[in-house]
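Each remark here refers to the structure printed beneath this line.
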Amino acid sequence: FNSAAIYFDFNPPIITNTTRHTVGIDYITGTENPIQSEPPSGIQTHPNPARVETTLYLPAGTARLILFDAGGKPLRSMSAREPALRLQRDGLPAGVYLLRAEDRQGRVLGWGKIVWQGD
């Protein structure tokens with residue numbers, strides 16, 4: 001029997017349902033949903049976590065990079081002309097941020113995340 005405690009910020013844990021699995025019996029494999037699947041390439045960041053600045057390594061063909069907060073609100077949109085882009089924190093609070101790379105037609109080429117550390 002297995003269960004897990006999931007922690008979000010400093011809130012009390014959420015306990016998952018208890019499950020029981022015997023290896024090799026009634027094993028279910030996942031299937032890919034093409035509507036929800038992510039693009040094969042991703043955005044690499046270094047350093048990550050970062051304090052002031054990080055370098056983003058973008059998928060080939062990236063024309064625009066969009067930075068989102070953890071709630072999905074777009075915060076910045078930047079042109080990307082090179083395969084590597086320096087991203088400045090510029091006053092953003094500490095936390096997790098999402099990145100989306102798009103080509104000139106707005107097609108998603110990759111996803112990534114950056115964690116800005118507290119001071």
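The shown structure was predicted, so the numbers you read here are calculated from the model rather than taken from an experiment.
In this structure A70 satisfies the side chain to side chain contact (heavy atoms under 4.5 Å, CB included) test with no other residue, sequence neighbours excluded.
Heavy-atom minimum distance, A101 versus T62: CB-OG1, 3.6 Å. Pairing each heavy atom of T45 with each of K113, the nearest pair is OG1-O, 3.6 Å. Summarising the geometry of L109 relative to A60, their closest heavy-atom pair is CD1-O, 3.6 Å, with the distance given to 0.1 Å. Residue I43 comes nearest to P59 through the heavy atom pair CG1-CD, 4.0 Å, listed as atom of the first residue, atom of the second, then distance.
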Taking distance alone, no hydrogens or angles, what donor-acceptor pairs closer than 3.5 Å link side-chain atoms of residues 80-88 to residues at least two apart or in another chain?
from, atom 1, to, atom 2, distance (Å)
R86, NE, E53, OE2, 3.0
R86, NH2, E53, OE2, 2.5
Q88, NE2, E53, OE1, 2.1

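Of the residues listed (L65, I66, L92), the one engaging R76 in a side-chain contact (heavy atoms from CB on, under 4.5 Å) is L92, and it is the only one.
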Going through the checks in order, is the side-chain contact (heavy atoms from CB on, under 4.5 Å) test met by K73 and F68? CA-CA 5 Å; K73 178 183 172 186; F68 298 88; over 6 Å; no
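At least one donor-acceptor pair under 3.5 Å links the side chain of N48 to the backbone N or O of V115.
Every pair passing salt bridge (Lys or Arg N to Asp or Glu O under 4.0 Å) that includes a residue from residues 97-108 is listed here, sequence neighbours excluded: R64-E102, R100-E102, D103-R107.
Residue L67 holds its CG atom at 5.0 Å from CG of L75, rounded to the nearest 0.5 Å. Residue W116 holds its CH2 atom at 6.0 Å from OG1 of T54, rounded to the nearest 0.5 Å. For the atom pair T55 OG1 and Y57 OH, the distance stands at 4.5 Å (nearest 0.5 Å).
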